[in-house]
2 protein chains.
Amino acid sequence: MAAAEEPGVAAVERALSLLAAWREGEAALSLAELAARTGLYKSTILRLLASLERFRCVQRRPDGQWALGPMLFRWGMLYQRGLRLDAILPPALRRLADESGESATFWVREGGQRLCLFRADSPRAVRDHLLPGELLPLEQGAGGRVLLAFAAGPPPPGTDPVVVTLGERDPDMAALAAPVFGGGGALAGALALSGPRARLAPLAEALKPALAAAAAALTRRLGGDLG
Amino acid sequence: MAAAEEPGVAAVERALSLLAAWREGEAALSLAELAARTGLYKSTILRLLASLERFRCVQRRPDGQWALGPMLFRWGMLYQRGLRLDAILPPALRRLADESGESATFWVREGGQRLCLFRADSPRAVRDHLLPGELLPLEQGAGGRVLLAFAAGPPPPGTDPVVVTLGERDPDMAALAAPVFGGGGALAGALALSGPRARLAPLAEALKPALAAAAAALTRRLGGDLG
DNA sequence: CCTGATGTTCTGCGCAACAGAACGGCGTTC
DNA sequence: GAACGCCGTTCTGTTGCGCAGAACATCAGG
């Protein structure tokens, strides 16, 4: 990375591109696969992995394959808890999922995407499949639309804060979402319910008040109604 | 890092030492604080942060302070789910915590330490405080002792698999733990109950069968009884 | 207004890190 | 058993990357 270009450290970016090679559901990757996915030379990868391993960001398995390491989990938890939502959100999401019968998710905005920060799956066997840590576009789905629509703060009183979308991200799914505000009226995230379209679409209007109430309760707990 | 020393990439290790600067409960750190904690020059830190920011491992706040970034959360979740325990453990821990009244934790061994991978807090207000992502020594506490004692695989039938410790890690706490085995009889982790010593110590013997049964049920679900 | 602390920018120089070849091991096929 | 292809490991000459650290700008507090 020439000084005339964007600042940074090329070796660090090579190491991070390695970490970015893992995908959902992959426990371990071989050296050859890492080379194929990153375009880096195997000797370069081995040197980078040595440092990542020393800091416990990757670990080498007995069969020679490489897995992500525990320090990423630790830092990921520090990130999540640094948002100061971990004490409040999991029980609130669990309650909402149990009472509504659908999956409850809390989305936060990260740049041009939304990140699934907390999740309580529906008690039902048929439900949408979504995992904490997943990053999705803002433009699709109720959660993303709420993060866009309410970025500037709380709407005027009397405005319906709940957004409903049918089949935007997946044709068979539906979702509702409402904004949650934190201190100073800043948007903290979007509280969403989601599930199969056939089951959720007929119930969407009926679920709006409960979702709006749950989001408002979270807003109050976060001090978002004081701004 | 001279070639004669351990292999690796010094710039990468500097960047990782930056990420390691954050501690529990710290949402953001200033440049000066990062310099104080790592001993790196501020110009060096800024270059490293530029790369970390580009890969979304840190983010700069409007006030100029630096926070850990969402990609760490994503990779942390990939690490956790790569262990293939996420579908099974959270509900099992919740059940165990609700039935026993104490906090339930799943520990995995990472090198010479144990990592809190999943956690269900006790429903009671007075409980020990422990968070996913925390790393603790193996030599202290029931969870750690189990990871040491059963590293070689399942014990002979008839052996009591539950370890009880009183006040080892914290004088006011007590814990019980039992091993959980995965495919091929390999130790997957330790299932633990923990809480205030005054409350848990009198109940420890009575809780052993339930904990052993829960651990055995997890072992069966993971195929650990087939090896 | 002054001071101290913090954050930002710049650059010469040294060596860190890379590219990529060569090699060994292993599994598969004939 | 030999040959082949793929994977992982080791080595090294060269160069441009990345650092140290000084200088500077900004800001908050007294």
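Just so it is clear, the model here is predicted, and its values are computed rather than measured. Lettering follows sequence order; numbering is per chain, from 1.
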Nearest-neighbour nucleotide for the [X] side chain, [options] considered:
X: A/Leu46; options: C/dA19, D/dT10, C/dA17; result: D/dT10
X: B/Ala10; options: D/dG18, C/dA16, D/dG8; result: C/dA16
X: A/Ala32; options: C/dA19, D/dC7, D/dG18; result: D/dC7
X: A/Ala11; options: D/dT9, D/dG18, C/dT8; result: D/dG18

Answer yes or no: is there a donor N or O on one side and an acceptor on the other, between the side chain of [X] and the main chain of [Y], under 3.5 Å?
X: A/Arg114; Y: A/Glu139; value: no
X: B/Arg84; Y: A/Gly25; value: yes
X: A/Arg56; Y: B/Glu110; value: yes
X: A/Ser30; Y: A/Glu33; value: yes

Using a cutoff of under 3.5 Å, can you pull out all pairs of nitrogen or oxygen atoms linking the protein to nucleotides 12-16 of chain D, with atom names and distances?
none

Original post:
Think A/Ser43 has a side-chain N or O under 4.0 angstrom from the OP1 or OP2 of D/dT9?
Top reply: no
Original post:
Can a side chain N or O of A/Tyr41 be found less than 4.0 Å away from OP1 or OP2 on C/dA19?
Top reply: no
**OP:** Identify whether any heavy atom of A/Ser30 sits under 4.0 Å from a base atom; if not, whether one sits that close to sugar-phosphate; answer base, sugar-phosphate or nothing.
**Re:**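 If one applies the 4.0 Å heavy-atom cut-off, A/Ser30 turns out to touch the sugar-phosphate alone, with no base involved.
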Counterpart residues, side-chain hydrogen bond (donor to acceptor under 3.5 Å, both in side chains), relative to [X] (two or more places apart):
X: A/Asp121; result: A/Arg119
X: A/Thr38; result: none
X: B/Glu53; result: none

I'd like a table of donor-acceptor pairs (distance under 3.5 Å, sequence neighbours excluded) in which one partner is a side-chain atom from residues 213-224 of chain A, with atom names and distances.
| unit_1 | atom_1 | unit_2 | atom_2 | d |
| --- | --- | --- | --- | --- |
| A/Thr219 | OG1 | A/Phe181 | N | 3.0 |
| A/Thr219 | OG1 | A/Ala215 | O | 3.1 |

Roughly, in whole Å, what's the span from [atom1] in [X] to [atom2] in [N]?
X: A/Leu31; N: D/dC7; atom1: CG; atom2: C1'; answer: 8 Å
X: A/Ile45; N: D/dT9; atom1: CD1; atom2: P; answer: 12 Å
X: B/Arg14; N: D/dC17; atom1: CZ; atom2: P; answer: 16 Å
X: A/Leu40; N: C/dA19; atom1: CG; atom2: C1'; answer: 11 Å
X: B/Leu49; N: C/dG7; atom1: CG; atom2: C1'; answer: 12 Å
X: A/Lys42; N: C/dC23; atom1: NZ; atom2: P; answer: 15 Å
X: B/Glu13; N: D/dG18; atom1: CD; atom2: P; answer: 15 Å

Subject >> Within residues 56-69 of chain B, residues whose heavy atoms come under 4.0 Å of DNA chain D >> reply: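 Heavy-atom contacts with DNA chain D come from no residue of residues 56-69 of chain B; none.
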**OP:** Using a strict cut-off of less than 4.0 Å between a Lys/Arg side-chain nitrogen and an Asp/Glu carboxylate oxygen, indicate whether B/Arg81 and A/Glu26 qualify as a salt bridge.
**Re:** no
